[in-house]
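Below, read A as the first sequence line, B as the second, and so on, with proteins coming before strands; counting in each chain starts at 1. FYI, side chains are in, hydrogens and waters are out, and symmetry mates aren't considered; it's all heavy atoms of this structure. Just so it is clear, the structure is predicted and the values come from calculations on it, not from any experiment.
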There are 2 protein chains.
Amino acid sequence: MRIGEVARGAGVSVRALRYYEEQGLLVAERMPSGHRRYPKSAVERVRFIQLLYAAGLNSRTILQILPFLDTLVATPRMTQRLRDERDRLRTQIDDLTTVCDRLDELIGLAVRAESAPAECAAREEGKPADP
Amino acid sequence: MRIGEVARGAGVSVRALRYYEEQGLLVAERMPSGHRRYPKSAVERVRFIQLLYAAGLNSRTILQILPFLDTLVATPRMTQRLRDERDRLRTQIDDLTTVCDRLDELIGLAVRAESAPAECAAREEGKPADP
DNA sequence: CTAGAACCTGACGTTGGCGTGAGGTTCAAG
DNA sequence: CTTGAACCTCACGCCAACGTCAGGTTCTAG
């Protein structure tokens, strides 16, 4: 596949793919012309990379995890890395859940507050308050 | 309270507090000398700000949420903002959970892989493989 | 009174994950 | 053959949340 196809397939920019290559996350063969050529599996790989990015991992960490995906052979250091990241993720999920709950509380309060003085809503709409 | 006390109390840097002020997230009175003076509640407020930052909200968004904390009066636009952020958070939590599960899968595979060929571990230790 | 800790205001540096040209080559279609 | 899309390599730009240094003032303890 060509770089544009992979980009469209994975929903990222061409620039991003070149950046991943720069970081060593995604290798590509080259055609005689210099154009990059990717296997079809690249799309899935890029999606996974995006997932890890979204989870807050940086390129360096992803780089330490990805080789394992290819080989399915892990050194103790590597599995420890995986465990560390998983634990970090769990902690983060707990934190986010806490924030989510607090936002829910606030929303509960907010609804009551806005239903009380009708002026607020009216003011927000740019209308005068019920003459 | 003085800025150093708040910083230590909330576990952030003095620089961070000045930055929050710059962003309008944390107002401070001034002493005649120009030194900032905070109410005790500032510590809790800063902790909450940190929580929101950790949840991926940016200064602008936090700025839209914080006034509500003080007044407990919300415009429809504000509650919608809260709801949007909560929903975004839920989605993100789901994503992170997905990643977490995938990492767990990988860890399961990794353990088996490293227990099989003892060479890998040995190689990682920098020793030759059991001659 | 004096040292040193804590504070002040700029203002520039950093990091990561790309965006965005500039300027040139290659490919596919008519 | 030509044209326009897609590709290439630099290389600078950007944004957010601070870190950090400079150069100066203020507070507190002995």
Side-chain angles (χ1 to χ4, degrees), chain A residues 1-39 42-43 45-66 85 88-89 92 95-96 99, chain B residues 1-39 42-43 45-66 85 88-89 92 95-96 99:
Chain A
M1 297 178 78
R2 303 174 60 184
I3 193 171
E5 304 179 86
V6 176
R8 277 190 302 276
V12 303
S13 70
V14 165
R15 174 66 172 105
L17 295 184
R18 290 201 266 250
Y19 175 73
Y20 298 163
E21 182 171 330
E22 212 175 287
Q23 302 300 305
L25 302 178
L26 185 66
V27 283
E29 288 180 30
R30 296 302 184 113
M31 313 206 57
S33 60
H35 289 190
R36 291 171 177 82
R37 162 145 310 177
Y38 298 88
V43 173
R45 190 184 181 90
V46 170
R47 287 222 181 91
F48 188 64
I49 292 176
Q50 286 285 104
L51 205 61
L52 294 182
Y53 272 133
L57 284 71
N58 58 23
S59 300
R60 210 171 51 84
T61 306
I62 296 178
L63 187 56
Q64 293 177 331
I65 288 178
L66 277 181
E85 288 305 324
R88 199 185 54 74
L89 265 181
Q92 193 184 347
D95 289 353
L96 292 190
V99 178
Chain B
M1 296 178 78
R2 302 173 59 186
I3 193 171
E5 303 179 86
V6 176
R8 277 190 302 276
V12 304
S13 69
V14 165
R15 175 67 173 100
L17 296 185
R18 291 202 265 252
Y19 176 74
Y20 296 164
E21 182 171 329
E22 215 173 285
Q23 302 299 306
L25 302 178
L26 185 65
V27 282
E29 290 181 27
R30 295 303 182 112
M31 315 204 57
S33 60
H35 289 192
R36 291 169 177 83
R37 171 144 52 196
Y38 299 87
V43 173
R45 190 184 180 90
V46 170
R47 287 222 182 91
F48 189 63
I49 292 175
Q50 285 287 105
L51 206 61
L52 294 182
Y53 272 133
L57 284 71
N58 59 21
S59 299
R60 209 171 53 83
T61 307
I62 296 178
L63 188 56
Q64 294 177 330
I65 289 177
L66 277 181
E85 287 305 324
R88 199 186 53 76
L89 266 181
Q92 192 184 349
D95 289 353
L96 292 190
V99 178

Sugar-phosphate, base or nothing in reach of R8(B), heavy atoms under 4.0 Å
nothing
Taken to the nearest whole Å, CD/E5(A) to C1'/dC7(D) is 12 Å
Selected nucleotide, minimal atom distance to V14(A) side chain, candidates dC18(D), dC7(D), dG16(C)
dC7(D)
Neighbours of DNA chain C within residues 57-65 of chain A, by heavy-atom distance under 4.0 Å
L57(A), N58(A), S59(A)
For Q23(B) and dC15(D), give me the distance from atom CD to atom P, rounded to whole Å.
13 Å
Identify which nucleotide among dC18(C), dC7(D), dC7(C) has an atom closest to any side-chain atom of H35(A), counting heavy atoms from C-beta outward.
dC7(D)
Closest to side chain of R2(A), choosing from dG17(C), dT26(D), dC7(D):
dC7(D)
Donor-acceptor pair under 3.5 Å, R18(B) side chain vs dT9(C) base:
no
Which of these passes side chain to side chain contact (heavy atoms under 4.5 Å, CB included) with V12(A): V6(A), V46(A), I49(A)?
V46(A)
Heavy atoms from C-beta onward define the side chain here; which of dC18(C), dC18(D), dC8(D) lies closest to that of Y20(B)?
dC18(D)
Considering heavy-atom distances to DNA chain C, does S33(A) or A16(A) have its closest nucleotide positioned more toward the 5' end?
A16(A)
Would you indicate which nucleotide in dA17(D), dC8(C), dG19(C) comes nearest to any side-chain atom of R15(A)?
dG19(C)
Side chain of R30(A) only, heavy atoms from C-beta on: which candidate in dC27(C), dC18(D), dT9(D) is closest?
dT9(D)
Contact between M1(B) and V43(B) at the side-chain level, heavy atoms closer than 4.5 Å - yes or no?
yes
Between R18(B) and R36(B), does the side chain to side chain contact (heavy atoms under 4.5 Å, CB included) criterion hold? Intermediate values first, please.
CA-CA 10 Å; R18(B) 291 202 265 252; R36(B) 291 169 177 83; 3.6 Å; yes
If you measure only the distance, is there a donor-acceptor pair under 3.5 Å linking the side chains of Y20(A) and S59(A)?
no
